[in-house]
Structure formats: structure tokens, C-alpha cells
Protein chains: 2
Amino acid sequence: MAQSDTVTRILDTAEVLFAERGFAETSLRNITSKARVNLAAVNYHFGSKKALIQAVFARYLDPFSQRFHSALDDLEARYSGRDIPLEVLLETMATTVLEVPAERNSLKVFMRLLGLAYSQAQGHLRRYIQQEYGDVFSRFTDLVRRATPDLPDAERFWRLHFMLGTVIFTLSGLDALRDIAEKDYRQQVSVRDLIRRLRPVVVAAMNAPLPVELDMELREDTATG
Amino acid sequence: MAQSDTVTRILDTAEVLFAERGFAETSLRNITSKARVNLAAVNYHFGSKKALIQAVFARYLDPFSQRFHSALDDLEARYSGRDIPLEVLLETMATTVLEVPAERNSLKVFMRLLGLAYSQAQGHLRRYIQQEYGDVFSRFTDLVRRATPDLPDAERFWRLHFMLGTVIFTLSGLDALRDIAEKDYRQQVSVRDLIRRLRPVVVAAMNAPLPVELDMELREDTATG
DNA sequence: AATTGTTTAAAACATCCGTTTTTATGGAGA
DNA sequence: TCTCCATAAAAACGGATGTTTTAAACAATT
């Protein structure tokens, strides 16, 4: 109890503060004082601030990649060779993403962390994630490729990232958007509600008609007509 | 020349460094040394680091909101009362967004700054933008409302922000995505190319069918079927 | 030519940072 | 009981940060 208590309190506090204020803006003194833990404990248990950041991610991504792998196992077994429909793939990913943080804090924190990882300075955090958990994402995109055979590879790549942007931006900035939405429309909005709204949008976006070729397209930088 | 030279050099350098590394990760010493300007010049000319950040934004957003306002003037005059189609509205916004940074540095910097503003700590930067430039955005969303009369207000609100997320995430993380795309698909991708790809996706997303009601929807948290 | 106001330059200030070192604590094994 | 060792606590270190102060340079005005 002595061991894990400090470590867990550090991780619990760190992930909240990181999500709220980013990595650079969150000092170890912020974390340790709020966690009511000695300052040196972070360097003692994790080695460095960077290692703590990675540990925060690992606590989410380890169970996620595990569950997502086995969910895809189930799916491939059920469809036994046949292509898995896009909607099913997206639904499976959404379900898995929702499962993991449900056990601990909140989806918002998880998404905010993901957003930070992507928009981070030199992207060394994104590379860490890619290196550590790239397998499961490759597996997923491969299944998506088979589900959308008419989409050129590059087009599918960009559309997947378009949708990744939608999801990360929306769910990581949830509090801000919720403020605006509630002020303007006087409605509460839950995460499940948001996912329900996201579903048709994402499907429609992935199935959108291909863009026009621009080989002969003229520049018109200044005038509007 | 003496006056504006230092101020301009500070702004030019600051916007690049901010876009590359974020606000907290960019020190005044980074800026002033790279701009070959004295350290105290920032506090002398701008008052504080926070004021410098806002000045960097203002240099983009002032001309943007000006041009966008007059572009919407033109549009409303041309359509004289009739509703402006969604595609035209989106195209106009895209054109204006592309125009402004073309005069100076790069669109990437502008978008990266916008992304930072949205994903920033307490959102005080987002509030500053909302307060300073909220008018033109309200005007735009109002026109979008008239262009999509079948969409419930709340649904339109969320879809607009979904798409905002797509655009900001994609264009602000452009370098990272370009890296991946070029490594995987051996293709160069320009900003214009990306906007061409974004257009049908955004239109399809806005016109997606409404989500199903979930009044009677059962929870199914664990099992997949 | 002297003075004024504006800008640059250099140095110093106080504060905060991540990390390391040193000291204390408290329980398990001999 | 004594020893050992993992953990915790406290203190200190070196360095970086935003800001302020002081002094110099310069141009414009009287």
C-alpha cells in the first residue's frame, strides 16, 4: 500500500493537471503539492518528468491497445475473412475508446492528452506513441482499407485524419464547447450524446465523393468572381 | 524605420517560434536573440509576453476579420436577400483564410496559432479572440443557419465545430501529417491540395443525415453483440 | 548647442524550474 | 535487537525565465 499509493496519487494528479494545462505549464511542484507527495517522489519513482508523462499515457494506452486488439480479434473471427463494414469498425473503436477511461477518470482527460500528444512541439511524444502502440493502429487502418476499397489510399489516409481531428478537437475541448452550447442552446450534452451526433457525420465524411482533380484548375487568389 | 523595425522583427520571429513550439516553450530570450533584438525590447514595446502573444494574433486576425466582413458584404449584396448556398459560404471562408497569410508568412503558421489558441490552458486566449473578433463569426454562423434550414440549431452548432476541429487539427498539425503521408505514400501534399480534399468531406459532413434519437436506446457497455 | 523624448543596450532581480543530494523514517529479515 | 533497505522528506543546486532598472545612444526640437 505504501508503494503504490504515492505512485498512483502522482499519476492521478498528473494526468488531470496535464490535461488541464499542458505539459510545460504543469510543474512537478504543482503535481506533488496537489497530490500531497514529496517533490522528489516523481524523480524517485519515474526518473524524470518526461518519463512521468509517458507513464501517464501508458496507463491509458496499455489497456486500450490490449482491448482493441482483442476486439478486432473477435471481429475478424465473426466475419471470418469477409470484409468488416466501415460502420462496424468505427463502432468498435468508439466502444473501446469509451470502455477504457470509464474504469478510471474521464474520457475528456484521455482525449485531451491525445490532443496534446499530437499538437506537441517536436512530436517526440507522438513518435513514442507511434512506436509503442503503432501495431494496433496499423491493424485498424488495414481493416478500414479493406472496408473502403473504392477510396484511394491517400484519400483514405487524409479522411481518417480529418475524422481524428474532429474527434480529438471536439472531445478534448469538450468543456469549452459545452459552455458555448449550453449558453446558446440551453441544453445539456453528454459524451454519449456527442458520439451519437458524431456517428453519421463521420460515416458521411468517409463516404463523401472524391475531390475534383485540379490539374487544370486556375488560381483566383484576389477576386471573388 | 528605427521604430517599426524592432517591433516587426519581434513579431515576425515570435509568430514563427510560437507556431513551432507553443507559447510556454518559447522564451523571450529565444525570440529576442533570434530576432537579434535586445531582451528588454519586448517588454518595452508590448508590455508583457502575454501582450506580445495577443499582438501576434491581432496581426493576422485584424486583416482577416476586415476582409471576411467585406467578403460577406459582397456575398449578401450579390444574393440580395436570397439565402447563400452552404458551398459558397464555405468557399468564401476558405478563400479569405487563404488570402491573409499569403501576404506574409504561411498559412501553416496561422493555423498552428489558431490551434494553439483553442487548445490552450484556461482558454483565455480563445476568449480574447471571441471577444475581439466574435462579431464576424456570429455573422458567418448566422448565414450558415439560413443556408441549412433543415438542420436543428444544436446539430448545426456541433457540426460546425466538428469541421472546425478537422480543419484546425489537419492544418495546424500539417508538418507531422505530411511526414507520415510522404513516408507512407511518397507524395507531396500542398495546402491547396489539402483544401481540395477537405471540401467534399466538409460538405458531406454538414449534409449528413440526422442522428438517430436515443430515447429508447439501451446501454450495451461491455458486450459487442 | 542644449534639451527633450524615444529607443536600444546591458545588467541585475526575484522567482520558478527539474534534478540531485542529504537526512530521516519505518518496517522486514537475521 | 540490530541491520539493512526501500521509501519519504527536506534542503540545496544550477540554470532558465519574465520583468525591471539603469545607463547609453540617437534623433528631433527649441
Side-chain angles (χ1 to χ4, degrees), chain A residues 1-59 113 116-117 120-125 127-128, chain B residues 1-59 113 116-117 120-125 127-128:
Chain A
M1 175 200 171
Q3 145 93 29
S4 76
D5 197 42
T6 299
V7 170
T8 304
R9 267 219 305 277
I10 291 176
L11 286 173
D12 287 344
T13 310
E15 74 176 21
V16 171
L17 291 183
F18 285 154
E20 280 178 358
R21 308 144 47 156
F23 304 118
E25 295 86 349
T26 303
S27 70
L28 293 185
R29 285 170 174 81
N30 291 153
I31 297 171
T32 52
S33 71
K34 180 160 188 182
R36 300 202 300 128
V37 151
N38 188 269
L39 167 63
V42 168
N43 282 281
Y44 178 78
H45 285 287
F46 298 94
S48 68
K49 185 182 182 180
K50 180 183 280 187
L52 169 64
I53 295 175
Q54 296 186 345
V56 167
F57 274 88
R59 202 165 59 144
L113 290 174
L116 284 175
Q120 191 70 357
Q122 290 293 14
H124 74 278
L125 196 50
R127 267 191 295 278
Y128 161 79
Chain B
M1 178 201 175
Q3 142 95 26
S4 74
D5 197 43
T6 299
V7 170
T8 304
R9 269 221 305 276
I10 291 176
L11 286 173
D12 287 344
T13 311
E15 76 176 18
V16 170
L17 291 184
F18 284 155
E20 281 177 358
R21 311 150 38 165
F23 304 119
E25 295 87 348
T26 304
S27 70
L28 293 185
R29 283 169 176 82
N30 291 153
I31 297 171
T32 53
S33 72
K34 179 160 188 182
R36 300 201 300 129
V37 149
N38 187 268
L39 168 62
V42 169
N43 281 280
Y44 176 77
H45 286 286
F46 298 95
S48 66
K49 183 181 183 181
K50 179 185 280 188
L52 169 63
I53 294 175
Q54 296 186 346
V56 167
F57 274 89
R59 202 166 57 146
L113 290 174
L116 284 174
Q120 192 66 356
Q122 292 291 13
H124 74 279
L125 197 50
R127 265 191 296 279
Y128 161 79

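Lettering follows sequence order; numbering is per chain, from 1.
- Residue B/Thr26 comes nearest to B/Ile31 through the heavy atom pair CG2-CG1, 3.7 Å, listed as atom of the first residue, atom of the second, then distance.
- In this structure, A/Asn38 places its CG atom 5 Å from C1' of D/dA9, rounding to the nearest Å.
- In terms of the side-chain contact (heavy atoms from CB on, under 4.5 Å) criterion, residue partners of B/Ala117 (sequence neighbours excluded) are, by chain and number, B/Phe57, B/Leu125, B/Ile129.
- One interatomic measurement links the two molecules: CZ of A/Phe46 to P of C/dT19, which rounds to 13 Å at whole-angstrom precision.
- Listed here is the closest heavy atom pair of A/Glu25 and B/Ala24: OE2-CB, 3.4 Å.
- If you measure from atom CG of B/Leu17 to atom P of D/dT17, you get 12 Å, rounded to the nearest angstrom.
- Residues A/Leu11 and A/Phe46 meet the side-chain proximity criterion, which asks for heavy atoms closer than 4.5 Å.
- Taking only side-chain nitrogens and oxygens, B/His45 never comes nearer than 4.0 Å to OP1 or OP2 of C/dT6.
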Summary of protein contacts for nucleotides 18-27 of chain D, nucleotide by nucleotide, where a base hit scores B, a sugar-phosphate-only hit scores S (4.0 Å, heavy atoms): BBB-------
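- A/Val42 has its side chain out of reach of A/Lys49: every pair of non-hydrogen atoms, C-beta onward, lies at least 4.5 Å apart.
- Residues that satisfy the ring-ring contact (aromatic ring centres under 6.0 Å, His included) test with A/Phe18, not counting sequence neighbours, are A/Phe23.
- Separating the CZ atom of B/Arg36 from the P atom of C/dA9 is a distance of 10 Å, rounded to the nearest angstrom.
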